[in-house]
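A short write-up of the structure that comes next.
Just so you know, ligand 1 is whichever comes first in the structure, and atom 1 is the first atom listed for that ligand. Positions are given from 1, in the same order as the sequence printed here.
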Amino acid sequence: MDIVYIRGLRVQTVIGVYDWERTIRQPLLLDLDLAWDNRPAAENDDLKLALDYAEVSQHITQMIEASQYQLIETLAEKVAHEVMQRFSVPWLRLTISKPTAVGNTDTVGVVIERGAKITDD
Ligand SMILES: Nc1nc2c(c(=O)[nH]1)N=C([C@H](O)[C@@H](O)CO)CN2
């Protein structure tokens with residue numbers, strides 16, 4: 001199985017457990033590895049057969065901007081489920097980083113992997 005990836009997708013949203021966090025929007029950074037068989041798109045040179053990273057990025061951005069979860073774990077599960085369902089992605093690895101959450105760090109966050117990688121040759 002091949003990978004289509006997205007790195008450093010920046011989204012601002014309401015996220016956090018503390019009262020002060022419920023009144024502001026904070027930046028999140030997302031990295032995704034999405035399993036996809038790229039051969040049909042390559043053989044036909046056809047975007048319709050590809051996993052369109054622009055469409056996935058736009059959809060995730062709209063979804064996160066409209067959300068108001070407390071934990072990034074919850075947001076990660078919702079994003080993973082939505083991407084797998086909507087785009088028929090069989091497996092993904094998703095990193096959500098919250099760079100402004102903890103002082104004296106570059107960033108903090110979660111990584112999840114969901115689904116199954118389909119092996120073929
Ligand atoms: N594992 C997690 N730990 C923490 C989270 C989280 O979403 N997952 N959130 C917070 C606060 O909202 C924090 O970001 C405020 O700085 C604390 N720990």
Problem set entry | Chi angles and distances behind the salt bridge (charged side-chain N to carboxylate O under 4.0 Å, His left out) call for K98, E21 | CA-CA 12 Å; K98 192 175 179 184; E21 296 188 280; 2.9 Å; yes
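In this structure, the protein non-hydrogen atom closest to atom 7 (O) of ligand 1 is I72 N, 3.0 Å. With hydrogens left out, the protein atom closest to atom 12 (O) of ligand 1 is E21 OE1, 2.7 Å, a heavy atom. Closest to atom 10 (C) of ligand 1 among all protein heavy atoms lies V17 CG2, 4.1 Å. Protein heavy atom nearest atom 8 (N) of ligand 1, with residue, atom name and distance: E73 OE1, 2.8 Å. What sits closest to atom 5 (C) of ligand 1 on the protein, heavy atoms only, is L71 CD2, 4.2 Å. Nearest protein neighbour of atom 16 (O) of ligand 1, counting heavy atoms only, is A101 O, 3.0 Å.
For ligand 1, the atoms lying closer than 4.0 Å to a non-hydrogen atom of Y18 are 11 (C), 15 (C). Each of the following atoms of ligand 1 lies closer than 4.0 Å to a heavy atom of G16: 12 (O). Atoms of ligand 1 found under 4.0 Å from any heavy atom of K98 (numbered from 1 in listed order, with element): 12 (O), 13 (C), 14 (O).
Put simply, atom 1 (N) of ligand 1 has protein non-hydrogen atoms near it, under 4.0 Å away.
Salt-bridge check for E77 with R114: passed, with a basic side-chain N closer than 4.0 Å to an acidic carboxylate O. Salt bridge absent: D33 and K117 never bring a charged side-chain N and a carboxylate O closer than 4.0 Å.
L94 and L9 fall within the same hydrophobic cluster, defined by Ile, Leu, Val, Met, Phe, Trp and Tyr side-chain heavy atoms under 4.5 Å apart, directly or through other members. Under the 4.5 Å side-chain contact rule for hydrophobic residues, V4 and M84 share a cluster.
With rounding to the nearest 0.5 Å, the separation of CG in L28 from CD1 in I64 is 6.5 Å.
Side chain of R7 to backbone of L32: a donor-acceptor contact under 3.5 angstrom is found.
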